[in-house]
Amino acid sequence: MKTQERIPKTRIERAAHIAGAGVKVGGNYLKHYAKKLVNADVSREELHKDNAGDIYETLSTLKGSALKVAQMMSMDRGILPREYQEKFQLSQYSAPPLSAPLVNQIFRKAFGQPPSAFFDEFTSKAVAAASIGQVHKARSKDKWLAVKIQYPGVANSIGSDLRMVKPFAVRLLNMSKNDIDNYFDEIEGKLLEETNYALELKRSIELSAACAHIGNLNFPTYYPEWSSDKIITMDWLEGMHLKEFLATNPSQEVRNRIGQALWDFYDFQIHELKTVHADPHPGNFLFLNDGTVNIFDFGCVKEIPDRFYTPYFRLVDRNIYKDREKSLAIFKELELLHDDDTEADIAFFTPLFREMIDMLTLPFTQDTFDFGNEQYFGGIYQFADKLIEMPEVRNSKKARGSRHSLYINRTYYGLYHILFDLKAVVNTGSRKFY
Amino acid sequence: MDNSSLLEKYIQYQLEHGKKPESVYVFMKKLKKTDADFFAHFSNFEALDRYFWVNVFETTRQKLEADKQYSDFGASEKLSAFYFLWTQELMQYRSYVLYLAEKSIKGINPMDKALHDFRHAFLDYASSIVSAGIGAGQIADRKFISEQFKHGLWVQTLFLLNFWLKDTSKDFEDTDAAIEKTVNIGFKLMGENLFDEVLDFGKFMFQRAKNSFS
């Protein structure tokens with residue numbers, strides 16, 4: 001694991017870092033438009049690459065929630081261009097490790113004793129980084145365990161970190177401050193939940209048990225006796241991260257089996273439990289060559305309210321658009337349209353939303369879906385780029401979409417993207433929506 | 001009565017009355033004891049004030065030395081472990097330390113006479129940390145300057161004490177974070193070549209100045 005030179009510790013220092021990237025990003029846009037004046041063919045790719053580099057450099061020197069926001073931004077593929085993703089995904093792995101005495105201290109505060117009192121072996125150094133903590137490997141008798149320990153003070157810094165990232169969001173999403181606030185509330189709430197390891201433990205146990213019947217998934221056993229609000233202990237699971245796994249050239253059959261398992265996992269949570277593991281980041285899964293996948297991080301869980309679920313999935317039925325009144329009412333329920341929208345607004349946005357929703361729900365309408373289809377993914381990206389290019393969209397200060405859509409869309413984008421990387425062919429049509 | 005029970009009563013008295021007892025005589029009378037019982041252990045209240053601080057320190061050090069893992073730690077880890085345990089030990093006296101801090105204008109400050117014995121014991125301990133750090137190559141050995149590092153650690157100790165007093169975070173986890181960060185930064189400063197380069201530059205400037213005047 002890479003150890004950082006120095007962690008910016010105070011709020012002001014962190015603010016100075018973020019401001020640095022803000023200025024640079026502004027500069028990159030300026031450079032981009034200057035180049036464009038001379039040469040209209042200058043690609044946006046180049047601009048995005050410049051931006052991603054600068055933002056990444058800045059965010060990677062932070063830890064805690066800023067790191068988490070970076071990860072979050074890397075997930076919102078619909079909004080952020082492709083060039084950002086890889087760089088942001090790296091940020092997950094670059095937090096500076098906690099010292100052994102601090103790990104002891106956290107254990108002592110939770111259980112009155114250091115780890116050596118509970119485990120036969122305990123790595124004094126972290127073996128992996130989690131976004132707001134680090135993982136140690138431990139042994140109790142013949143059992144190997146993963147012990148996840150949270151950085152102290154993370155919960156306290158979330159509010160101020162988010163306030164500092166907000167100017168970025170305003171620039172990247174082109175939205176009014178009020179609407180941004182609404183979204184940031186949702187994110188802040190979820191981030192605070194993620195710092196509550198006691199809640200995560202409870203959800204991990206419940207959701208793992210509820211999904212245990214789904215084939216080809218492995219869930220660890222959790223150990224409440226060695227867990228607290230800062231520590232979670234579970235079985236150590238061997239497996240590979242997505243990139244390593246793909247590098248072993250798994251067969252199509254293995255990739256399909258894993259893809260199906262992930263699809264079924266999400267399908268069951270969203271439609272049966274209405275509670276979903278909303279962080280399908282590749283770092284949260286470990287893949288095995290026998291065609292199974294390990295699932296172990298339930299830090300980010302979204303409960304889907306009925307008033308969002310019902311209208312959202314009614315749009316899978318393409319016939320709904322035959323009845324204009326009905327489809328407009330659904331768009332309003334989802335807050336894609338608002339009561340004060342003009343006829344012109346409605347005429348402009350309705351077909352755009354329809355195109356977007358049709359694209360995202362396409363897999364539901366078919367019996368099997370090939371997620372390796374580059375054309376399909378290219379289409380999604382092109383559509384996102386098209387949205388950014390449209391002045392009507394860029395200049396619309398109104399938020400389009402309910403706050404609940406934030407994590408649900410993110411879940412689907414994340415899932416689809418993993419399935420795309422796996423090039424999996426999946427049975428997607430078993431659920432009937434109408 | 002022994003040292004610790006006298007200390008306990010003494011702390012209790014101050015917390016209840018908001019001030020020191022008027023005299024040893026009055027204090028001991030309240031305890032239904034003679035002042036001779038007091039003077040067998042301490043010459044005056046000031047000695048008891050000093051005993052409070054050095055006692056917490058010695059308790060911490062003894063507990064650390066009894067811990068097998070502590071002896072395997074490197075210098076910076078030893079120092080962190082010390083601060084973690086020390087703030088933990090102080091926890092039972094938090095009300096009293098807050099009371100002491102309110103009594104003085106600048107909080108607990110390094111010149112406080114009550115800290116005298118603690119300071120001596122700590123500087124002794126800090127020297128052992130610094131030489132362990134030099135031995136392991138974590139701290140650069142510099143003439144004259146290395147000698148001063150222990151004083152820097154003393155200032156850090158007082159900083160952490162005052163940080164802990166003001167800490168309102170749950171379970172004092174911000175104090176834990178402050179310990180981790182200041183120890184890391186402290187060891188970076190003692191280890192990096194920054195000082196050497198400043199010194200080197202100073203020598204260079206001095207040399208130039210001398211040359212230009214000769």
Side-chain angles (χ1 to χ4, degrees), chain A residues 3-11 13-14 62-65 95-119 121-126 132-134 149-160 192 195-198 228-231, chain B residues 60-61 63-92 129 132-133 138 156 159-160 163-164 166-194:
Chain A
T3 311
Q4 277 176 270
E5 284 288 285
R6 179 167 162 277
I7 321 146
K9 67 184 160 67
T10 64
R11 218 165 78 92
E13 257 189 283
R14 282 199 300 246
L62 304 163
K63 66 173 176 179
S65 48
L98 302 176
S99 74
L102 182 52
V103 170
N104 283 351
Q105 171 79 344
I106 295 170
F107 252 80
R108 224 182 264 121
K109 278 189 174 171
F111 310 116
Q113 304 251 47
S116 54
F118 302 98
F119 303 115
E121 270 179 67
F122 186 84
T123 57
S124 62
K125 290 212 167 64
I132 56 168
Q134 64 186 30
I149 301 174
Q150 190 179 119
Y151 299 126
V154 170
N156 292 339
S157 66
I158 284 177
S160 61
L192 283 173
T195 64
N196 184 348
Y197 275 11
S228 76
D229 56 347
K230 299 278 177 245
I231 300 167
Chain B
T60 307
R61 179 146 82 169
K63 282 192 183 171
L64 284 175
E65 277 161 8
D67 181 356
K68 205 212 137 283
Q69 204 186 357
Y70 178 78
S71 55
D72 296 336
F73 279 158
S76 65
E77 291 170 323
K78 279 196 166 99
L79 186 64
S80 299
F82 168 78
Y83 285 134
F84 287 134
L85 190 58
W86 180 61
T87 47
Q88 200 84 329
E89 288 292 319
L90 276 173
M91 206 61 82
Q92 54 182 314
I129 293 282
Q138 258 185 309
Q156 182 182 354
F159 165 80
L160 289 170
F163 187 97
W164 170 73
K166 287 184 210 123
D167 191 356
T168 54
S169 64
K170 187 173 166 263
D171 239 353
F172 297 94
E173 58 172 30
D174 280 353
T175 298
D176 293 345
I179 291 171
E180 177 93 344
K181 288 172 205 293
T182 55
V183 169
N184 284 344
I185 289 172
F187 270 78
K188 281 264 157 68
L189 283 175
M190 293 191 284
E192 264 171 15
N193 302 326
L194 182 70

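Letters go in sequence order (proteins before strands), and every chain restarts at 1. Model, not experiment: these values are computed from the prediction.
For Y70(B), no part lies under 4.5 angstrom from a heavy atom of chain A.
Atom CG in D67(B) sits 7.0 Å away from atom OG in S116(A) (nearest 0.5 Å).
Contact count versus chain A (heavy atoms, under 4.5 Å) is highest, among I179(B), D176(B), D174(B), for D176(B).
Between K109(A) and E173(B), no side-chain nitrogen of the basic residue sits less than 4.0 Å from a carboxylate oxygen of the acidic one, so the salt-bridge criterion is not met. Using a 4.0 Å cut-off between charged side-chain N and carboxylate O, D229(A) and K170(B) make a salt bridge.
At a heavy-atom separation below 4.5 angstrom, chain A is approached by E77(B), S80(B), A81(B), F84(B) within residues 75-85 of chain B.
Counting only distance, with no hydrogens or angles, the side chain of E180(B) and the backbone of S99(A) share a donor-acceptor pair below 3.5 Å.
For F73(B), the ring pair (Phe, Tyr, Trp, His ring centres under 6.0 Å) test picks out no residue, with sequence neighbours left out.
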